[in-house]
Trainee: 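Below is the structure I would like to discuss, written out as structure tokens.
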Protein chains: 4
Amino acid sequence: MNRPRTRRRLSPDERRTELIDAAIRVLREQGEPANRAVTVTAEAGTAKGTFYVYFPSWEDLLVAVHDRLMDDYSAPLRERLAAEAPQDWRAVLDGEIDRFVDFTVGCGKLHGAVFHSSVVPAPAGDEHSATGLLSRIIRRGVEEGALRQVDPDVAAGLLFAALHAAADAVAAGGDRTRWCGSLRELTGNWLAP
Amino acid sequence: MNRPRTRRRLSPDERRTELIDAAIRVLREQGEPANRAVTVTAEAGTAKGTFYVYFPSWEDLLVAVHDRLMDDYSAPLRERLAAEAPQDWRAVLDGEIDRFVDFTVGCGKLHGAVFHSSVVPAPAGDEHSATGLLSRIIRRGVEEGALRQVDPDVAAGLLFAALHAAADAVAAGGDRTRWCGSLRELTGNWLAP
Amino acid sequence: MNRPRTRRRLSPDERRTELIDAAIRVLREQGEPANRAVTVTAEAGTAKGTFYVYFPSWEDLLVAVHDRLMDDYSAPLRERLAAEAPQDWRAVLDGEIDRFVDFTVGCGKLHGAVFHSSVVPAPAGDEHSATGLLSRIIRRGVEEGALRQVDPDVAAGLLFAALHAAADAVAAGGDRTRWCGSLRELTGNWLAP
Amino acid sequence: MNRPRTRRRLSPDERRTELIDAAIRVLREQGEPANRAVTVTAEAGTAKGTFYVYFPSWEDLLVAVHDRLMDDYSAPLRERLAAEAPQDWRAVLDGEIDRFVDFTVGCGKLHGAVFHSSVVPAPAGDEHSATGLLSRIIRRGVEEGALRQVDPDVAAGLLFAALHAAADAVAAGGDRTRWCGSLRELTGNWLAP
DNA sequence: TATGAATGAGCCTTCATTCAT
DNA sequence: CATGAATGAAGGCTCATTCAT
């Protein structure tokens, strides 16, 4: 009687990836839904119980989503940081302003769920966190004389907060040019050597 | 513990105030608890049902708590803004850095529950919101030549985010001097005319 | 502080009457509301607690409402029954068909709340109940040869049910002429001697 | 009493049936209980939450119970109506008087909960409703000359009400012979051609 | 007598998680 | 591995009733 039409047999990695993909779609559109495991597995086209095969709890999924997004976002930056030659870190920061706002706005409601969550910790030193990346950029900028002498970790925290605020404001309907412009003015006056 | 044998009959205003006070105590120490109405009324020494006499839902209480905190915090600033004589708005902002961080750290877990909540909206124009206040300060500063020409609303949003980040960091164990110092450096370079 | 604008001091009977009036208004329009004591006292313009001064419980109010309605409705019938001279009881029953349907339709939602309620018992012998009245009419009709020999109590029960059904149907939008006509046909063939 | 140590996993249809069965038992004996979901699931030997897996609300269960009872009761009638040959519809109605009273009395308190409920609507045309069935019987009877020319829908409504009243009276301790006899007299005189 | 703030038992419902199949 | 029926702890909220004023 209970004949599941197709018991899609995937490799664990594929299944896991599908769940994360589904979660990203759900979070982007609805934010954190009620009945989280059900909503995500329905979106992924699997059974409710499958959720717990791959993630002991919702928070574990959130961490996985966070890591995925950060990896995607930070790939070009990590590449840049891997290069040892001096670079124009001021320009890099300027570029990140737009890129970060675009990224955040594109995330829709996902952003609040994943990044404002107290669940996903962001230790300053973690190179996979947003502030971790900014911190490394600023450190390089300071070392290479492209930026004013500031405390890289603290500056990264402040900058990230400001970026965040701008992105949220734009996502909420604020004027993109105005926010990004002000942000550029802020970083310019603050971090120029 | 306290078993008041008799009903304490209070005026609605007093009871409401007691409930808000109790909620602030609870939020400060535990953050948002499970069984919210029960926890708050127990702290207030009243019956569970009394909660719903005064607040149709938890969110209504949160709004009341938010308003109370903002009113308390903003009282001196509103006074300053009421005065028409020119003032040293740079110094005011510098002072707010410390005052805001102190305030936020003193809020403990309350802060996240009330201010990160999507429940309590903070329209830019609202003079009772934190950004609304900052915006008015910055506007005055710009008008009176104490601050660089910036977009007051946007600048307030960015500044508030940075203040917030610093306060959160200090609350989480960060070095207060370092964060406030960096913040002062940021505002100094950014907003000095 | 708590100064009730006017503490209307009425004689207990007036107060009681006002509450019953208010209950009838409420029941007619909303049927049995949620928060019954509150709804009725609000309609009556008194305080919630006053309800319990006059009625130990909702059911007691229902009984009072029932008695009031029945007294009003049955007044002409009781008068007729008091007269000892023989009467055309067939015509009386025919007339009651329309009067009862009018009455019931006019009651709106009140009807279901008060008369379908298991709370208000209607002992067959009770001359204040609808079936009690019908029973006495039928008994007189049988005794005076105006009606076929039937069991008065049982016939009253069946007739009342049929009247009720017709009234409910008309209240629900059924065709009045059709229902009353069929009812007249029923009683005619059934009860004619 | 029964503590099933292990989860009883059934097909949805079986579980649903068990819940409806349990509900019928409960309603028959207690009428509509307080804590409805708990009472029914306890009777069914399942966990409270299981109720909501099968019925979004109590009213949905009531509808299911109603349908089940009507299907059971009406099965022989539907069969009769399916046959095209003329039948003695007077005798059928006479038979239904006893059968309906038996059925209703056997329902105990269930009857009021399910059939007096405003939740379960009974449109006149619905062949699964009691009046719908009676209506079809009367229509056939009229067409085949076994019954007087009456409006089938209206007559069905009136007849059903009378049947109901008799059944309720018998259930409440009334004399079965008296009520059924009077009912037979009523239908005889009313509907004989 | 009248008031309306206060009470708390109790019902409804959700949903994270388990586990028999 | 995958499934989805089953679970039950937990929280939200209502409202009949009480009682201090």
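Since this is a predicted model, take the numbers as computed values, not measurements. Here is how names work: the chains are called A, B, and so on, in the same order as the sequence lines, proteins then strands, and each is numbered from 1.
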Trainee: Measure the distance from CG on L61(B) to C1' on dC13(F) and round it to the nearest whole Å.
Mentor: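 Taking CG of L61(B) and C1' of dC13(F), I get 15 Å after rounding.
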
Trainee: Represent DNA chain F in dot-bracket notation, 5' to 3'. Only Watson-Crick or G-U wobble pairs with both distances under 3.5 Å count; pseudoknot-style crossings use [ ] and interstrand partners use |.
Mentor: .||||||||||||||||||||

Trainee: Which is true for F55(A) with a 4.0 Å heavy-atom rule: it touches a base, it touches only sugar-phosphate, or it touches nothing?
Mentor: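 The residue F55(A) makes no contact with any strand.
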
Trainee: When you check the phosphate oxygens OP1 and OP2 of dC12(E), does a side-chain N or O of N35(D) lie under 4.0 Å from one of them?
Mentor: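 So the side chain of N35(D) is within the cut-off, an N or O lying under 4.0 Å from OP1 or OP2 of dC12(E).
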
Trainee: For residues R28(A) and C107(A), report the shortest heavy-atom separation together with the two atoms involved.
Mentor: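 Closest approach of R28(A) to C107(A): CG-O, 3.2 Å.
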
Trainee: CZ of F51(B) versus P of dG11(F): gap in Å, rounded?
Mentor: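 Going from CZ in F51(B) over to P in dG11(F) covers 14 Å.
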
Trainee: Hey, which sits more toward the 5' end of DNA chain F by its nearest nucleotide, Y52(C) or A34(B)?
Mentor: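 That would be A34(B).
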
Trainee: Return the 5'-most residue of the pair T50(C), W58(D) with respect to DNA chain E, ranking by each residue's nearest nucleotide.
Mentor: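 On the 5' side of the pair lies T50(C).
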
Trainee: Rounded to whole Å, please give me the gap between CG in L10(D) and P in dG4(F).
Mentor: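 Interatomic distance, CG of L10(D) to P of dG4(F): 16 Å.
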
Trainee: Please assess L69(B) against I24(B) for the test side chain to side chain contact (heavy atoms under 4.5 Å, CB included), listing each intermediate value before the final yes or no.
Mentor: CA-CA 9 Å; L69(B) 293 175; I24(B) 289 176; 4.2 Å; yes

Trainee: When the side chains of residues 48-57 of chain A are checked against the rest of the protein, which donor-acceptor pairs come out under 3.5 Å, sequence neighbours left out?
Mentor:
from: T50(A); atom 1: OG1; to: A47(A); atom 2: O; distance (Å): 3.2
from: S57(A); atom 1: OG; to: E59(A); atom 2: N; distance (Å): 3.3
from: S57(A); atom 1: OG; to: D60(A); atom 2: OD2; distance (Å): 2.8

Trainee: Is any N or O donor-acceptor pair between the side chain of R7(D) and the base of dT18(E) shorter than 3.5 Å?
Mentor: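 Yes, the side chain and the base share a sub-3.5 Å donor-acceptor pair.
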
Trainee: Do K48(C) and dT17(F) have a side chain to base donor-acceptor pair shorter than 3.5 Å?
Mentor: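 Under the 3.5 Å cut-off, the side chain and the base do form a donor-acceptor pair.
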
Trainee: Can you identify which nucleotide, out of dT21(F), dT17(E), dA2(E), has its nearest atom closest to the R15(C) side chain?
Mentor: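 Nearest listed nucleotide: dA2(E).
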
Trainee: May I ask you to decide whether R8(B) forms a salt bridge with E18(B), counting only side-chain N to carboxylate O separations under 4.0 Å?
Mentor: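 Here R8(B) pairs with E18(B) in a salt bridge, since their nearest N and O are under 4.0 Å apart.
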
Trainee: Between T17(B) and E14(B), does any side-chain donor sit less than 3.5 Å from a side-chain acceptor?
Mentor: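 No, no side-chain donor-acceptor contact under 3.5 Å.
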
Trainee: Tell me, with the steps shown, if H164(C) and D168(C) meet side chain to side chain contact (heavy atoms under 4.5 Å, CB included).
Mentor: CA-CA 6 Å; H164(C) 224 307; D168(C) 282 349; 3.7 Å; yes

Trainee: Any Lys/Arg nitrogen of E29(A) or R25(A) sitting under 4.0 Å from an Asp/Glu carboxylate oxygen of the other?
Mentor: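 R25(A) and E29(A): not salt-bridged.
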
Trainee: Using whole Å, report how far CZ of R8(B) lies from C1' of dC19(F).
Mentor: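 Value for this atom pair: 16 Å.
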
Trainee: To the nearest Å, give me how far apart CD (E59(D)) and C1' (dT13(E)) are.
Mentor: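 About 15 Å, once rounded to whole Å.
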
Trainee: Between T46(D) and V38(B), name the one whose nearest nucleotide on DNA chain F is closer to the 5' end.
Mentor: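 Mapping each residue to its closest nucleotide by heavy atoms, the 5'-most match is T46(D).
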
Trainee: Could you tell me whether P12(C) contacts a base, only the sugar-phosphate backbone, or nothing, with contacts defined as non-hydrogen atoms closer than 4.0 Å?
Mentor: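 Counting heavy atoms under 4.0 Å across all strands, no contact is made by P12(C).
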
Trainee: From C-beta outward on R9(B), which listed nucleotide comes closest to its side chain: dT17(F), dA16(E), dA5(E)?
Mentor: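 Nearest listed nucleotide: dA5(E).
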
Trainee: From the list dT17(E), dA2(E), dC12(E), which nucleotide is the closest neighbour of the side chain of R36(D)?
Mentor: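 So the side chain of R36(D) is nearest to dC12(E).
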
